[in-house]
Amino acid sequence: MSVMDAMTVLKPAGNQSARGEALPKPSLIGLTREEMGQALREKGVPDKQIKMRVAQLWNWIYVRGVSDFDHMANISKDMRETLKAHFTIARPEIVEEQVSNDGTRKWLLRFPARGAGRPVEIEAVYIPEEGRGTLCISSQVGCTLTCSFCHTGTQRLVRNLTAEEILSQLLLARDRLGDFPDREAPQGTIMPAEGRKVSNIVMMGMGEPLYNFDSVKQALLIATDGDGLSLSKRRVTLSTSGVVPEIFRTGDEIGVMLAISLHAVRDDLRDILVPINKKYPLKELIDACRKYPGLSNARRITFEYVMLKDVNDSLEDAKGLIQLLKGVPAKINLIPFNPWPGTNYQCSDWAQIEKFADFINSAGYASPIRTPRGRDILAACGQLKSESERMRKTERLAFEAMMIANHGSDD
């Protein structure tokens, strides 16, 4: 057999891999309108119908929240069969759903294999509060940043999530919470009494969003599209550990609120806590923040500061924080450290956290201390992790956790 003959034999036929395995159908979720139109065109939809079909699909997927083409009542049966044959709009698999006694929900989600890869798992968290419901979304499977206090950072990076996979976390949460028309939440679900069940989203789950900029951008632009999911950009917050070159682009091209995982006010300490600081030190990071598009007292940057006992919690650190942020419209979120197995850090004493907060408040900065949330399901900042290293439920109950809150505007 010649080389060319061998290549002919190995070439997959149809929607199959080289090994003859069926590949998953491409999803329409996460595509721009232009990409969706091109996908339909490639499957034989006439050009004169493209704009109409895209508008129909956009409404069904993002306004009505359907996950089955058969539920698209104003689309002909023949067209629905064509869509089913070539595409999917299915949600990811829920491997596990945990509900805290305070109403916080954590989902372990599984996405199918991509190409030669394997199925992957990520976590998303929903935090209900009076007047708002915040969904914490992951952008990567694992993380490359190895922040020394962060549990997620101990899981190696597997791959970036696609725009579809990022957006699907929001769609699934709205499904489960009855936040689409004609849907109901499970009995006993704790949610805001009025308005949207998912009113705010924060890119603070697994991974560094700005190391997956293009997919995050596409997903967030669809999430804030006025003809679909229609979330206000002031209710969307992207958190970065300090990928300086992408910070301006975030404001310019996405236009959402910005949060910085700061955690130290000296380069020598931040090099340890947040190692990306060795590449983009504090001066460069704060300069980038000062230039963030749209920055004002009404659109402040949130600086996240985890409170680590005898590490970064002294009044000298508080003074350094005020000096570092001088002139930057900012809110400083103080985060009591969330323990996880194997960590060498301890949470600052509560009295010390309050002294730290009082000093910052007296300097004119809002510095809320995050309320403990999801304490019994390991659902807090820096604690999300998947794969085989997930702890048994009995182990999780031993650890105190606290959840993301107070991000994005209430306007």
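Put simply, the side chain of Ser362 gets close to the backbone of Phe359: a donor and an acceptor are under 3.5 Å apart. Although no hydrogens or angles enter the test, the distance criterion places a donor-acceptor pair under 3.5 Å between the side chain of Asn212 and the main chain of Ser139. Arg80 places a side-chain N or O within 3.5 Å of a backbone atom of Ile75 that can act as its donor or acceptor partner. One N or O on the side chain of Tyr126 and one on the backbone of Lys197 form a donor-acceptor pair closer than 3.5 Å. A distance-only check finds no donor-acceptor pair linking the side chain of Ser67 to the backbone of Ala90 [under 3.5 Å]. A donor-acceptor pair under 3.5 Å is absent between the side-chain atoms of Ser138 and the main chain of Gln140, judged by distance alone.
Proximity of Cys136 to Glu123: side-chain heavy atoms (C-beta onward) are nowhere separated by under 4.5 Å.
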For this session: Could you walk me through whether His71 and Ile89 pass side chain to side chain contact (heavy atoms under 4.5 Å, CB included), step by step?
Result: CA-CA 11 Å; His71 295 162; Ile89 51 173; over 6 Å; no
For this session: Dump the intermediate steps for side-chain hydrogen bond (donor to acceptor under 3.5 Å, both in side chains) on Ser239 and Glu304, then the final yes or no.
Result: CA-CA 9 Å; Ser239 177; Glu304 310 285 350; 5.3 Å; no
Exercise. Can Leu161 and Gln169 be said to form a side chain to side chain contact (heavy atoms under 4.5 Å, CB included), step by step?
Worked result: CA-CA 11 Å; Leu161 294 178; Gln169 297 170 64; 3.7 Å; yes
For this session: For Lys278 and Asp267, run salt bridge (charged side-chain N to carboxylate O under 4.0 Å, His left out): C-alpha distance rounded to whole Å, both residues' side-chain angles, the deciding distance at 0.1 Å, then the answer.
Result: CA-CA 8 Å; Lys278 298 174 185 177; Asp267 280 322; over 6 Å; no
Exercise. Can you list the steps and then say if Asn361 with Ser367 is a side-chain hydrogen bond (donor to acceptor under 3.5 Å, both in side chains)?
Worked result: CA-CA 6 Å; Asn361 278 315; Ser367 56; 3.2 Å; yes
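Between the side chains of Thr302 and Asn333, no donor N or O sits under 3.5 Å from an acceptor N or O. In this model, a donor atom of one side chain and an acceptor atom of the other lie less than 3.5 Å apart for Asp271 and Asn277. If you check the side chains of Asp313 and Ser348, you find a donor sitting under 3.5 Å from an acceptor. A donor-acceptor contact closer than 3.5 angstrom is absent between the side chains of Trp60 and Gln56. No side-chain N or O of Thr224 forms a donor-acceptor pair with one of Arg235 less than 3.5 Å apart.
The distance from atom CG of Asp68 to atom OG1 of Thr88, rounded to the nearest 0.5 Å, is 9.0 Å. Annotation: the span from Ile137 atom CD1 to Ile122 atom CD1 amounts to 9.0 Å, rounded to 0.5 Å. The structure places CZ of Phe69 at 10.5 Å from NE2 of His86, a figure rounded to the nearest 0.5 Å. Considering CG of Leu177 and CZ of Arg196, their distance stands at 13.0 Å, rounded to 0.5 Å. Rounded to the nearest 0.5 Å, atoms CE (Met36) and CZ (Phe87) are 9.5 Å apart. In this structure, the separation between NZ on Lys43 and CG on Leu83 is 11.5 Å, given to the nearest 0.5 Å.
Listed by first and then second residue, the salt bridge (Lys or Arg N to Asp or Glu O under 4.0 Å) pairs that reach into residues 161-172 are Arg114-Glu164, Arg114-Glu165, Arg159-Glu165, sequence neighbours excluded. Listed by first and then second residue, the salt bridge (Lys or Arg N to Asp or Glu O under 4.0 Å) pairs involving residues 244-255 are Asp214-Arg249, Lys217-Glu253, Glu246-Arg249, Arg249-Glu253 (not counting sequence neighbours). A ring pair (Phe, Tyr, Trp, His ring centres under 6.0 Å) check over residues 214-244, counting only residues at least two apart or in different chains, returns nothing. A salt bridge (Lys or Arg N to Asp or Glu O under 4.0 Å) check over residues 46-56, counting only residues at least two apart or in different chains, returns the pairs Arg41-Asp47.
Scored by the ring-ring contact (aromatic ring centres under 6.0 Å, His included) test, Trp58 finds Tyr62 as partners (sequence neighbours excluded). For Lys309, the salt bridge (Lys or Arg N to Asp or Glu O under 4.0 Å) partners at least two apart in sequence or on another chain are Asp349. Taking Glu81 as the reference, Lys84 meet the salt bridge (Lys or Arg N to Asp or Glu O under 4.0 Å) condition, with sequence neighbours excluded. In this structure Glu35 satisfies the salt bridge (Lys or Arg N to Asp or Glu O under 4.0 Å) test with no other residue, sequence neighbours excluded. Partners of Tyr292 under the ring-ring contact (aromatic ring centres under 6.0 Å, His included) rule, at least two apart in sequence or in another chain, do not exist in this structure. With sequence neighbours excluded, the residues satisfying salt bridge (Lys or Arg N to Asp or Glu O under 4.0 Å) with Arg174 are Asp179. Legend: residues meeting ring-ring contact (aromatic ring centres under 6.0 Å, His included) with Phe303, ordered by chain and number and at least two apart, are absent.
Between Tyr305 and His263, the ring planes lie tilted relative to each other; the angle falls in the 30° to 60° range.
Look at Glu97 and Arg105 and you find a salt bridge, because one of the NZ, NE, NH1 or NH2 atoms lies within 4.0 Å of a carboxylate O, short of that distance.
Across every non-hydrogen atom of Pro293 and Phe248, the tightest pair is CG-CE1, 3.5 Å.
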Which atom pairs, donor and acceptor, lie under 3.5 Å between side-chain atoms of residues 282-289 and protein residues at least two apart or in another chain?
residue	atom	partner	partner atom	Å
Lys283	NZ	Asp287	OD2	3.1

